[in-house]
*Asks:* 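The structure is given below, and queries will be raised subsequently.
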Protein chains: 2
Amino acid sequence: MADINVSLTARTGKSEPGAAARLSPAPEGEPMLDLIELLFFAYRNFVSDPDEILHGFGFGRAHHRVLHFVNRHPGMRVTDLLDILRITKQSLGRVLRELVDQGFIDSRAGASDRRQRLLYLTPKGEALTQEFVAIQSRRLRRALEESGSESRDVVRRFLVAMIDPEDRSPTEKLIARADQAVEARGATRSRPAG
Amino acid sequence: MADINVSLTARTGKSEPGAAARLSPAPEGEPMLDLIELLFFAYRNFVSDPDEILHGFGFGRAHHRVLHFVNRHPGMRVTDLLDILRITKQSLGRVLRELVDQGFIDSRAGASDRRQRLLYLTPKGEALTQEFVAIQSRRLRRALEESGSESRDVVRRFLVAMIDPEDRSPTEKLIARADQAVEARGATRSRPAG
DNA sequence: CGAAAAAAGTCAACATGGCTGACATAAATG
DNA sequence: CATTTATGTCAGCCATGTTGACTTTTTTCG
């Protein structure tokens, strides 16, 4: 289970006595080579789960992200999605069109601002999204079980802290904007789809 | 700091009382929506650090990975790198050629098996790699500090456990193969570059 | 020794998912 | 009515993955 650490540490210790600390004594602090590497392998396996499912639909990772965030924020605007994903309108446009055309996402004009396209998962989209959530959650639960009882809180705090402070509340902004819109006109948007 | 969790949890609680648990009572276990999302944001920020540096050299993430693993395993074979990265020879060939041509990586024929190309970082390649290690280690150290004293071990165990068991020792295989080669002919390869 | 296998490299073609730039349209806003 | 905003779209480029076919060099093994 701790195979990777042991061997990587051993290897580093044998052939390279700490690359960054070799010339001057730790000018930057301890190099976290093991965690850097583990993050690479862990994330690769983590995203490969949905990748396999997506392949069957002719979709890719980009589609997964869109489905995920629309699931998280039903009725979100296209602009909100662009802010979260940080890709261009053109890049998003491609995958969004495919998802709408194939009936995974429903795009409806906003009731109060009809320029907006508010995004919802269709039942078909919800089913697919839940597959992803299920398989990734399974991996996460297994990992948390293997890493100790209080690991969930530690891991969550760690992951939050890994995010740039200014990026830590993209969803707050989204929710704030939605709430603001609701306030400005009465609760029109809270359940626009019924 | 815990902004994301709070709001996302609140949001989920408000609008969707647990998507996977809505129809039947938790058929798959608790959905880890918060961690799924946090991993996405955390990893994006994590890899964006080197990305910026790489852009200045006309390089991309693929180059980063190659530099990283050659740094970890000086003298590794091209095949070893292919096994770790799990990309095709052709994909690796492109970035490797650029790295060799521009003097970041040195590729030398193996002493005992001259079909092999053993890969080493040049001083130039080492300098660049250490930039990446430094900046990513800084983020990791900060995150570990923010998430508690025993967090490093918990996080490391968690990340190892996130990896498919059969993938947990790619480096073992590499080292085993190298050691085997060394045994088979006496320690020819341990410092072939002097 | 000679055949087969292994390590590496290369050419060509294609897919995905990023990007920029330039526009177009509809709707809201002042 | 002019401007801004939200969205969408065309065209083309780049990075990095893929498959398939092949070559060269060298090692291994019957």
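What you see is a predicted model, and the numbers here were worked out from it, not measured in a lab. Just so we're on the same page: letters track the sequence lines, and every chain starts at 1.
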*Asks:* Check whether any side-chain heavy atom of B:F104 lies under 4.5 Å from a side-chain heavy atom of B:F57, and answer yes or no.
*Replies:* yes
*Asks:* In terms of side-chain geometry, is the basic nitrogen of A:R152 or B:D34 positioned less than 4.0 Å from the acidic oxygen of its partner?
*Replies:* yes
*Asks:* Name every residue in residues 93-102 of chain A that has at least one heavy atom under 4.0 Å from any atom of DNA chain C, in order of residue number, or write none if there are no such residues.
*Replies:*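 Here the set is A:R94.
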*Asks:* From the 5' end of DNA chain C to its 3' end, which nucleotides mark the outer limits of contact with chain B, defined by a 4.0 Å heavy-atom distance cut-off (strictly under)?
*Replies:*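 Taking any atom under 4.0 Å from a heavy atom of chain B, the span is C:dA6 to C:dC11.
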*Asks:* Ion pair present between B:D106 and B:K124, side-chain N to carboxylate O less than 4.0 angstrom?
*Replies:* no
*Asks:* In whole angstrom, what separates A:L118's CG from D:dG8's P?
*Replies:*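 For the pair A:L118 CG and D:dG8 P, the rounded distance is 11 Å.
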*Asks:* List the residues meeting side-chain hydrogen bond (donor to acceptor under 3.5 Å, both in side chains) with A:R94, not counting sequence neighbours, and say none if there are none.
*Replies:* none
*Asks:* For the helix from C:dC1-D:dG30 to C:dG30-D:dC1, figure out the bend between the end axes, five pairs an end, and round to 10 degrees.
*Replies:*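 Roughly 20°, once rounded to the nearest ten degrees.
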*Asks:* Specify the separation, in whole Å, of atom CD of A:Q116 and atom P of D:dT5.
*Replies:*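 Value for this atom pair: 14 Å.
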*Asks:* Give me the atom names and distance for the closest heavy-atom approach of A:E146 to B:A161.
*Replies:* OE1-CB, 3.5 Å
*Asks:* Please determine whether a side-chain nitrogen of the Lys or Arg among A:E30 and B:R141 lies less than 4.0 Å from a carboxylate oxygen of the Asp or Glu.
*Replies:* no
*Asks:* How would you label the contact of A:H55 with the nucleic acid (heavy atoms, under 4.0 Å): base, sugar-phosphate, or nothing?
*Replies:* nothing
*Asks:* Check whether the ring centres of B:F40 and A:F69 lie less than 6.0 Å apart, and answer yes or no.
*Replies:* yes
*Asks:* Between B:R44 and A:D164, does any NZ, NE, NH1 or NH2 come within less than 4.0 Å of an OD or OE carboxylate oxygen?
*Replies:*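 No, no charged N to carboxylate O under 4.0 Å.
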*Asks:* Side chain of B:S147, backbone of A:V154: donor and acceptor closer than 3.5 Å?
*Replies:* no
*Asks:* Between D:dG17 atom P and A:D51 atom CG, what is the distance in whole Å?
*Replies:*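 It is 13 Å, rounded to the nearest whole Å.
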*Asks:* Can you list everything that forms a side-chain contact (heavy atoms from CB on, under 4.5 Å) with A:E131? Sequence neighbours excluded, please.
*Replies:*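 A:I53, A:L128.
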*Asks:* What pair of heavy atoms forms the shortest contact from A:G125 to A:T129, and how long is it?
*Replies:*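 Minimum heavy-atom contact is O-OG1, 2.7 Å.
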*Asks:* Measure the spacing between NE2 of A:H55 and CZ of A:R61 and express it to the nearest 0.5 Å.
*Replies:*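 Nearest 0.5 Å value for the NE2-CZ distance: 12.5 Å.
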*Asks:* Round to the nearest Å and state the distance from B:L82 atom CG to D:dG17 atom C1'.
*Replies:* 13 Å
*Asks:* How many whole angstroms separate atom NZ of A:K89 from atom P of D:dA6?
*Replies:*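 Computing the A:K89:NZ to D:dA6:P distance gives 11 Å.
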*Asks:* Would you mind telling me which of A:H64, A:Q136, A:R139 makes a side-chain hydrogen bond (donor to acceptor under 3.5 Å, both in side chains) with A:D49?
*Replies:*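 Considering A:H64, A:Q136, A:R139, a side-chain hydrogen bond (donor to acceptor under 3.5 Å, both in side chains) with A:D49 is found only for A:R139.
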*Asks:* Over how many whole Å does the gap from A:I105 atom CD1 to D:dG8 atom P extend?
*Replies:* 11 Å
*Asks:* Could you list the protein-to-nucleotides 27-30 of chain D atom pairs, N/O on both sides, closer than 3.5 Å?
*Replies:*
residue: D:dT27; atom: OP1; partner: B:R114; partner atom: N; Å: 3.2

*Asks:* Kindly indicate, with the supporting measurements, whether the criterion salt bridge (charged side-chain N to carboxylate O under 4.0 Å, His left out) is fulfilled by A:D167 and A:R86.
*Replies:* CA-CA 11 Å; A:D167 291 2; A:R86 294 207 189 146; 2.8 Å; yes
*Asks:* Given atom CG of B:L81 and atom P of D:dG17, what is their separation to the nearest angstrom?
*Replies:* 11 Å
*Asks:* Counting just side-chain N and O atoms, does B:T88 come under 4.0 Å of either OP1 or OP2 of D:dG17?
*Replies:*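 Looking at the OP1 and OP2 atoms of D:dG17, neither is under 4.0 Å from any side-chain N or O of B:T88.
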*Asks:* Nearest whole Å is fine: how far is D:dT5 P from A:D80 CG?
*Replies:* 16 Å
